[in-house]
Amino acid sequence: MNFLKIILLLMLTQVLFAEKVKITSTSMEAEELKKEVHFIGDAKIIKGGDWLHADRVIVYFGENNETSKYEAIGSVFFEFKKDEKHFKGSADKVIYDMVKSLYVLKGKAVIDDLVKKRHVDGDEIMLDMSTGSVDVKGSSKKPVKFIFDMEDKE
């Protein structure tokens, strides 16, 4: 019966994402009371042109079993695209709030804006895919770094 519930949760996740989402890993555990599904070992998420790889992914569900967010943990690498935005990067942890279309990258966070040819890294980066805005936080030991190309006008 629990296996059937897991399958139904995954099918519901695909419907709520509006695009087909494929999550794979070496093992999976569902925690029904917490409304979480844990994908453990070589976890991969693919949605359209977006992809994310991590050691572990936790998918969280709300009160009506709607997918609310996911959290990728350990050696996270990703590529996200939306409209004219295209980002590639990595972090120790990535949290994605589906309602706000907001990514929060923590620990050795790095983002390359492939459209505007910019590079940002810091301790924590908030990437709003709706607006394309990026908020970066650093520390005294590891300040924020921003690298971009500047063209000479002659």
Side-chain angles (χ1 to χ4, degrees), residues 2-3 5-82 85-114 118-147:
N2 283 339
F3 179 73
K5 288 180 182 179
I6 292 169
I7 297 300
L8 289 173
L9 282 173
L10 291 175
M11 289 172 48
L12 181 62
T13 300
Q14 291 177 355
V15 169
L16 292 173
F17 273 115
E19 262 188 282
K20 192 170 199 170
V21 176
K22 179 180 175 183
I23 303 175
T24 59
S25 65
T26 55
S27 67
M28 180 184 80
E29 296 173 2
E31 296 190 24
E32 194 172 338
L33 292 176
K34 290 183 176 180
K35 296 190 177 194
E36 300 174 1
V37 178
H38 295 246
F39 296 90
I40 305 158
D42 195 24
K44 297 174 185 164
I45 300 174
I46 298 172
K47 180 182 87 163
D50 294 353
W51 58 265
L52 179 141
H53 294 183
D55 295 335
R56 178 186 199 106
V57 171
I58 304 169
V59 179
Y60 298 91
F61 297 91
E63 290 182 24
N64 298 321
N65 287 330
E66 74 280 356
T67 309
S68 60
K69 72 177 181 177
Y70 69 73
E71 184 174 352
I73 304 163
S75 301
V76 183
F77 295 92
F78 60 85
E79 183 172 359
F80 306 134
K81 301 175 188 175
K82 185 175 181 182
K85 301 169 202 75
H86 188 177
F87 301 97
K88 222 173 184 180
S90 63
D92 292 334
K93 179 191 250 187
V94 174
I95 301 167
Y96 179 56
D97 183 323
M98 294 175 185
V99 175
K100 296 178 184 176
S101 195
L102 178 71
Y103 289 95
V104 178
L105 290 70
K106 296 183 176 191
K108 299 178 192 167
V110 175
I111 291 183
D112 289 310
D113 184 333
L114 301 178
R118 297 177 183 166
H119 172 90
V120 178
D121 67 57
D123 286 337
E124 181 176 296
I125 300 174
M126 294 175 56
L127 170 63
D128 187 330
M129 288 301 286
S130 297
T131 64
S133 69
V134 178
D135 182 21
V136 186
K137 295 178 181 164
S139 67
S140 59
K141 291 182 180 180
K142 188 172 190 271
V144 172
K145 188 186 300 180
F146 179 66
I147 301 170

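Remember, it's a predicted structure, so these values are computed and weren't measured experimentally.
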Which label fits F78 and F80: parallel for a plane angle under 30°, tilted from 30 to 60°, or perpendicular past 60°?
parallel
List the steps and the verdict of side chain to side chain contact (heavy atoms under 4.5 Å, CB included) for T24 and F39.
CA-CA 7 Å; T24 59; F39 296 90; over 6 Å; no
To the nearest 0.5 Å, what is the distance between NE2 (H38) and OG (S27)?
11.0 Å
I125 vs V120, test: side chain to side chain contact (heavy atoms under 4.5 Å, CB included). Steps then yes/no.
CA-CA 9 Å; I125 300 174; V120 178; 4.3 Å; yes
Hey, are the side chains of Y96 and V104 touching, using non-hydrogen atoms and a 4.5 Å cut-off?
no
Between D112 and H119, the two heavy atoms sitting closest are OD1-ND1, 2.6 Å
For a 4.5 angstrom cut-off between non-hydrogen side-chain atoms, does S130 reach K82?
yes
Where is the tightest heavy-atom contact between G122 and V136, given as atom of each residue plus distance?
CA-CG1, 4.1 Å
List the steps and the verdict of side chain to side chain contact (heavy atoms under 4.5 Å, CB included) for D135 and L127.
CA-CA 7 Å; D135 182 21; L127 170 63; over 6 Å; no
Under the criterion side chain to side chain contact (heavy atoms under 4.5 Å, CB included), I'd like the reasoning laid out for K44 against W51: C-alpha separation, chi angles, the key distance, then a yes or no.
CA-CA 7 Å; K44 297 174 185 164; W51 58 265; over 6 Å; no
If you define the side chain from C-beta out and look only at heavy atoms, does anything of D113 sit under 4.5 Å from H86?
no
T26 side chain vs I40 backbone, donor-acceptor pair below 3.5 Å
yes
With a 4.5 Å heavy-atom cut-off, do V59 and T67 have their side chains touching?
yes
To the closest 0.5 Å, what do you measure between CG (D128) and OG (S101)?
6.5 Å
Out of curiosity, I95 CD1 to E124 CD, how far, rounded to the nearest 0.5 Å?
8.0 Å
Is any side-chain heavy atom of F87 less than 4.5 Å from a side-chain heavy atom of Y103?
no
Does the side chain of M98 come within less than 4.5 Å of K69's, by heavy atoms?
no
Give a yes or no on whether the backbone of V76 and the side-chain of S90 come within a donor-acceptor separation of less than 3.5 Å.
no
Could you grab the distance from atom NZ of K35 to atom OH of Y60, nearest 0.5 Å is fine?
15.0 Å
Are the side chains of L105 and K93 in contact, using a 4.5 Å heavy-atom criterion?
no
Under 4.5 Å between any side-chain heavy atoms of V37 and I58, yes or no?
no
So which atom in K81 and which in D50 form the shortest heavy-atom distance, rounded to 0.1 Å?
N-OD1, 2.7 Å
Roughly how far, to the nearest 0.5 Å, is the NE2 atom of H53 from the CD1 atom of I45?
9.5 Å
Spacing of NZ belonging to K106 relative to CG belonging to D92, to within rounding of 0.5 Å
11.5 Å
Is there a donor-acceptor contact under 3.5 Å from the side chain of D97 to the main chain of V99?
yes
Exercise: identify the closest heavy-atom pair between A43 and S25
CA-CB, 4.0 Å
